[in-house]
Visitor: 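Pasting a structure here, questions to come.
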Amino acid sequence: MNDTVAKQTEAAMIPPVDVFEDAAGITLYADLPGVPKDKLDLQLEADTLTIEGEVALDVPEGMDATHAEVGLSRYRRSFTLSRELDTGKVSAEFKHGVLKLRIPKAEHAQPRKIEIKVA
């Protein structure tokens, strides 16, 4: 089994995500607490967006967690994107454990004003 298939079959937490749409596109916010930037992976294949992140919680040497509410060490969430979105222009920002993705609508899907000529 290759590494990509192994990751996809590994148990993972589903991060909470908020999606907002405006006339120009969508903005997606994913909460990924405990995930450092170097353990965050975004994949865009055809019309599927996949967010994966590995939690990196350091336990001090010689100590064991007596209570842990996070039982899994990986987040994973996939979305099927509308063909109206321009996936070639995705921008991503990661700050304080929150991933912000901006995906603009394709030019053909943008609202446009039609000029009316007086005859």
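Heads up: numbering here begins at 1 and tracks the sequence. Only this structure's heavy atoms are used, side chains among them; waters, hydrogens and symmetry mates stay out.
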Visitor: Distance from L44 atom CG to T87 atom OG1, nearest 0.5 Å?
Guide: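 Output value for this atom pair is 5.0 Å.
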Visitor: Checking S78 against T50: is there a side-chain donor and acceptor pair closer than 3.5 Å?
Guide: yes
Visitor: Are any side-chain N or O atoms of R77 and backbone N or O atoms of P15, one a donor and one an acceptor, separated by less than 3.5 Å?
Guide: yes
Visitor: Hydrophobic cluster membership, with links at side-chain heavy-atom distances under 4.5 Å among I/L/V/M/F/W/Y: are F20 and V98 in one?
Guide: yes
Visitor: Of all heavy-atom pairs between A92 and L42, which one has the smallest distance, and what is that distance?
Guide: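 The pair with the smallest heavy-atom distance is CB-CD1, 3.9 Å.
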Visitor: Is any side-chain heavy atom of T80 closer than 4.5 Å to one of L49?
Guide: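 No, every pair of side-chain atoms sits at 4.5 Å or beyond.
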Visitor: Should V55 and M13 be marked as a side-chain contact (heavy atoms from CB on, under 4.5 Å) after you check the CA-CA gap, both sets of side-chain angles, and the distance that decides it?
Guide: CA-CA 10 Å; V55 177; M13 296 181 286; 4.0 Å; yes
Visitor: Which value, rounded to the nearest 0.5 Å, describes the distance between Y75 atom OH and L40 atom CG?
Guide: 11.5 Å
Visitor: Nearest 0.5 Å, what's the CZ-CD distance between R74 and E52?
Guide: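 Here the interatomic distance stands at 5.5 Å.
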Visitor: If you define the side chain from C-beta out and look only at heavy atoms, does anything of L99 sit under 4.5 Å from V17?
Guide: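 Heavy-atom side-chain distance check fails, nothing below 4.5 Å.
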Visitor: Does a side-chain heavy-atom distance below 4.5 Å link I51 with L32?
Guide: yes
Visitor: Find out whether R83 and D47 are in side-chain contact, i.e. whether some heavy atom of one side chain is under 4.5 Å from a heavy atom of the other.
Guide: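 R83 vs D47: side chains touch.
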Visitor: If you define the side chain from C-beta out and look only at heavy atoms, does anything of T48 sit under 4.5 Å from L81?
Guide: no
Visitor: Count I, L, V, M, F, W, Y as connected when their side-chain heavy atoms are under 4.5 Å apart, and connections chain through other members. Are V19 and V90 then in the same cluster?
Guide: yes
Visitor: Please determine whether side-chain contact (heavy atoms from CB on, under 4.5 Å) holds for the pair L85 and K105, giving the CA-CA distance in whole Å, both sets of side-chain angles, and the decisive distance to 0.1 Å.
Guide: CA-CA 4 Å; L85 297 173; K105 286 185 180 175; 4.1 Å; yes
Visitor: Taking all non-hydrogen atoms of both residues, which atom of D41 and which atom of Q43 are closest, and how far apart?
Guide: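 Heavy-atom minimum between the residues: OD1-NE2, 3.1 Å.
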Visitor: For the CG atom of D18 and the OH atom of Y29, what is their distance to the nearest 0.5 Å?
Guide: 9.0 Å
Visitor: Hey, which of K100, E21, R102 is the one that makes side chain to side chain donor-acceptor pair (under 3.5 Å) with T27?
Guide: R102
